[in-house]
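Here's the structure, in structure tokens; my notes come after.
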Amino acid sequence: MKFASVVVDVPSRGTDRPFDYEIPEELADQVEVGCRVHVPFGSRIVQGYVVSLRPQPEVANVRPIREVIDLLPPLNEELVKLAEWMSKYYFSTRLAALEVMIPSALRARYDKILIPGSNVVEEGAYLLGEAERQLMEAVQRARTGLSLKKAEAIEGVTRSLIRKLIREKRLDVVERVRDKVAPKKVTWVKPAESVPLDEQMSRIPANAHKQRAIVQYFVKHPEPVMLSELLTALKATRSSVMRLVEAGILVCEIREQMRTPYHRRVVQDQPLPLTEEQDAALQAIVTRLESREAHTLLLHGVTGSGKTEVYLQAIDASLAQGREAIVLVPEISLTPQMVERFKARFGERVAVMHSGLSQGERYDEWRKVVNGAVQVVIGARSAVFAPFRNLGLIIVDEEHESSYKQDETPRYHARDVAVKRAAHFGAVTVLGSATPSVESYYRAKTGKMVYLPLKQRVQGRPFPDIHIVDMRHELDAGNRSMFSRKLTEALTACVERGEQAVLFLNRRGYSTFVLCRQCGANVECPHCDISLTYHRVNRTLRCHYCGFAQAVPDQCPHCGSDHIRYFGAGTQKVEQELAKRFPGLRIIRMDVDTTGRKGAHEKLLTAFREKKADVLLGTQMIAKGLDFPDVTLVGVIAADTVLNLPDFRAAERTFQLLTQVGGRAGRHARPGRVVIQTYNPEHYSIEMAANYAATAFYRKECQARMKKHYPPFCSLIAIKFSHPDQATVMKASQRITDALKQYLPREAEVLGPVRAPVFRARDRYRMQTMIKYKGGKDLSAAINRARETAEASFPAGDLRIVIDRDPYVLL
DNA sequence: AGCACGCCGACT
DNA sequence: GTCGGCGTGCTC
């Protein structure tokens, strides 16, 4: 194999195909599928991924590979094939699919560097402009060259000036490809081998107290120690150590250090005894593992049924076979407790990957997989790409969670990628959830995967009572507050007993919109077609779409009246209202506004666990997996907010939310209680969640989906168009939709184009076309053709087209 | 994406 | 006449 096909790191559709290169003899043993290389491309050197090896190139006159970047290839044949599939299935470029599989630290960064050119001119030989002189001086001064960015920052320096200087050969531009993160280097110190330490003491000046202390330390502990630790232990500074090094008494060595994010010592723990149900589920998984054929199982376990213990023991079984395991968890529930549970069971064999890690930490965890140091990975969405070579098991916990769907290209769904990877390895995929997606439930019930129910809670803890409160009756009874009498009473009783409550509201901010009572105008975002939300903390109006913020107007911008009213309720408003109605109540509010900073999330939860507050008030983020022993009341302020969204999954999401929220109450010894406030008490998603009627809900929802032609009875592909100009986006979307209707098979429904629910966002107008398809044909080619046809007639780069397979939110 | 090549307008 | 604008097309 003397040639390699390479996907080059040039992010455009036009270059999204492999280019062939010759493998020079001296690189023959290094070039393999999945490795990164530097190759000449046009007039420059770019990074690329080797995707296949071949005896002959597809074209004549190929150029040679310049360099192999990594010692160990970051990808392999399996992942390269997976990327090929992903790029087709999810309509992304091959490059984007390959890049999403490696830690961002390895993604190529290109620097343009200016260095002095060959044509050195005498000062004054030219009439130098001021900017020109400053630029040349800066370039002379910079030892390793001046980055283009810095050059352009100099007053008066323009691109054309730089270009002119390059043409005159007074400057030269070189491009440097660099990896952003290198393994962290740490200095260690140890005694020099040859001489006994106590003899050295006499050679140290009597007044050099620190040096003496350091040598004394090594007399006691002669083994190497990290310089930083030595310094803190002895309150010494670098200089005294270095003096000893110079004297030949100590020596330094540089070691590569892994940035282990969890330093806490974890106590090893043992498998717990299983209930009959848990054991049956485990056996079902183990049987499939032993078959060495790909299988998917749905573990439908009510909240508190002990799914995690089943996962842990299933992983044990996979490891016992000498195969690895991946555990996917929604970002939000990847808490230290969760991680510790896995560390306690598998110790050093686990790597953790989540967004809380620094780029370098992530890279280190990932490297543990590449070099075989770990066999288990637990992490969020992107951990599905952990480069194992002998996978036995992939677990997707909280399988229904929307965070498994990536909402940038490549718009993959980690659950579906997991199943695809498992197919390659003959591995087992376990989808776990208390509230499976309707799609997975349907597939399990129709035999496409194995259905494993866990109906009982461990230790037979009772389910909490769920009360539905019809808020219309509250209004009739003259209660105009956002707290029903029932919730007020329950909250009072709960706090009096010294117990805790969780209140849930699916909306942050203070008020949903601001309205003038004089003229009826409400305040909208200048960049988006959506009302601004009032945030009380800094008295601003904010757009939850684009982040725009402005001060609250004292007068209506329309009519000048000062009768401004705030409508609707966000978390901030509820917090204030609570404080007013329950003086002395201690409240912790959790939403993206209070958890913005890293670690804030965890801090607030810890405070609540330590009973520093009576009420935890929050959005979506508190509905998942949290487990507090003293919470006996859960209140849902408005169950309808999700239900009213224009989304075919609205009922499903409402059911899931209420069921999950209900699971937060009474997880321990004390009985729990749930109060759900709603204006739609008779809606089946609310009623059935309150009655724990999961089977009935799924049956009903499936019927509705069948009737309305929605997944799981067809697949969806959304095509989203946006453009700064309204007329253009309308024309373009119509053109492509016409082309789609022409190219797609008749049985594919093409709906649209329609305006997106928020027509304008971030100053761009948005249209959308939806394809519903029941058949088994591959529509990719036809869709791509339609896209190309239409793009050809709208050459301006301002038109953006996003194709989203299996979209989660239809906005 | 970059970059070269190439074809038309306002300056030494 | 030439410098330089950005449209078009190509990169193994």
Side-chain angles (χ1 to χ4, degrees), chain A residues 1-25 27-28 31-69 80 84 87 92-100 104 107-114 117 126-129 131-132 147-149 151-152 156-178 408-410 787-789 791-802:
Chain A
M1 298 293 180
K2 299 190 61 172
F3 300 90
S5 291
V6 174
V7 169
V8 291
D9 180 21
V10 178
S12 82
R13 292 212 162 261
T15 48
D16 185 40
R17 61 198 162 89
F19 290 83
D20 288 352
Y21 289 89
E22 189 194 326
I23 303 173
E25 206 129 320
L27 296 181
V31 176
E32 44 187 311
V33 171
C35 73
R36 297 187 302 157
V37 291
H38 287 162
V39 290
F41 194 66
S43 56
R44 60 213 170 104
I45 305 287
V46 299
Q47 195 179 97
Y49 295 83
V50 174
V51 294
S52 69
L53 301 177
R54 48 184 62 239
Q56 288 301 323
E58 295 260 284
V59 293
N61 300 328
V62 298
R63 299 161 79 184
I65 290 175
R66 285 292 180 85
E67 186 186 354
V68 175
I69 301 173
V80 166
E84 180 72 24
S87 65
S92 81
T93 60
R94 290 161 224 255
L95 179 71
L98 288 162
E99 279 200 313
V100 79
S104 55
R107 266 166 235 167
R109 302 264 146 51
Y110 296 90
D111 289 335
K112 280 199 190 316
I113 308 277
L114 296 174
Y126 285 70
L127 278 175
L128 297 181
E132 196 169 333
S147 76
L148 192 65
K149 258 210 179 120
E152 282 180 314
V157 172
T158 59
R159 278 236 161 163
S160 63
L161 172 62
I162 295 171
R163 267 210 293 265
K164 176 177 150 249
L165 292 171
I166 292 169
R167 263 199 313 278
E168 290 170 3
K169 298 235 185 300
R170 296 178 49 216
L171 278 183
D172 216 343
V173 64
V174 288
E175 203 161 74
R176 255 174 234 165
V177 192
R178 54 156 178 167
E408 328 153 6
T409 45
R787 177 201 204 135
E788 275 155 34
T789 317
E791 263 176 355
S793 29
F794 292 90
D798 280 335
L799 177 67
R800 279 211 281 269
I801 302 174
V802 172

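Letters A, B, ... mirror the listed sequences (proteins, then strands); counts begin at 1. These numbers come from a predicted model, not from an experiment.
- Judged by centroid separation below 5.5 Å and plane tilt below 30°, A:F41 stacks onto the base of C:dT11.
- Near DNA chain B, meaning a heavy atom under 4.0 Å from it, residues 10-17 of chain A has A:V10, A:P11, A:S12, A:T15 in order of number.
- At the heavy-atom level, A:V59 lies under 4.0 Å from base atoms of the strands shown.
- With rounding to whole Å, A:F19 atom CZ is found 7 Å from C:dC12 atom C1'.
- With hydrogens and angles disregarded, a donor-acceptor distance shorter than 3.5 Å links the side chain of A:R787 to the backbone of A:I801.
- Evaluation of the side chain to side chain donor-acceptor pair (under 3.5 Å) rule for A:T93 yields no partner, not counting sequence neighbours.
- Protein atom NE2 of A:H38 is 17 Å distant from nucleotide atom C1' of C:dC12, rounded to whole Å.
- If you measure from atom CZ of A:R44 to atom C1' of C:dC12, you get 14 Å, rounded to the nearest angstrom.
- Residue A:P40 is in sugar-phosphate contact alone, with no base atom involved, counting any heavy-atom pair closer than 4.0 Å across all strands shown.
- Taking the side-chain contact (heavy atoms from CB on, under 4.5 Å) definition, one finds that A:S5 meets it with A:P18, A:D20, A:V51, A:S52, A:R54, sequence neighbours left out.
- When the P atom of B:dC3 is taken as reference, atom CD1 of A:I45 falls 12 Å away, rounded to whole Å.
- A distance-only check finds a donor-acceptor pair linking the side chain of A:R63 to the backbone of A:G42 [under 3.5 Å].
- The nearest whole Å value for the distance from the OH atom in A:Y49 to the C1' atom in C:dC12 is 19 Å.
- Rounded to whole Å, atom P of C:dC12 lies 16 Å from atom CG of A:L95.
- Aromatic ring centres of A:F3 and A:Y21: separated by at least 6.0 Å.
- Rounding to whole angstrom units, CG of residue A:D20 and P of C:dT11 are separated by 13 Å.
- Salt-bridge annotation for A:E84 and A:R94: present, with a side-chain N of the basic residue lying under 4.0 Å from a carboxylate O of the acidic one.
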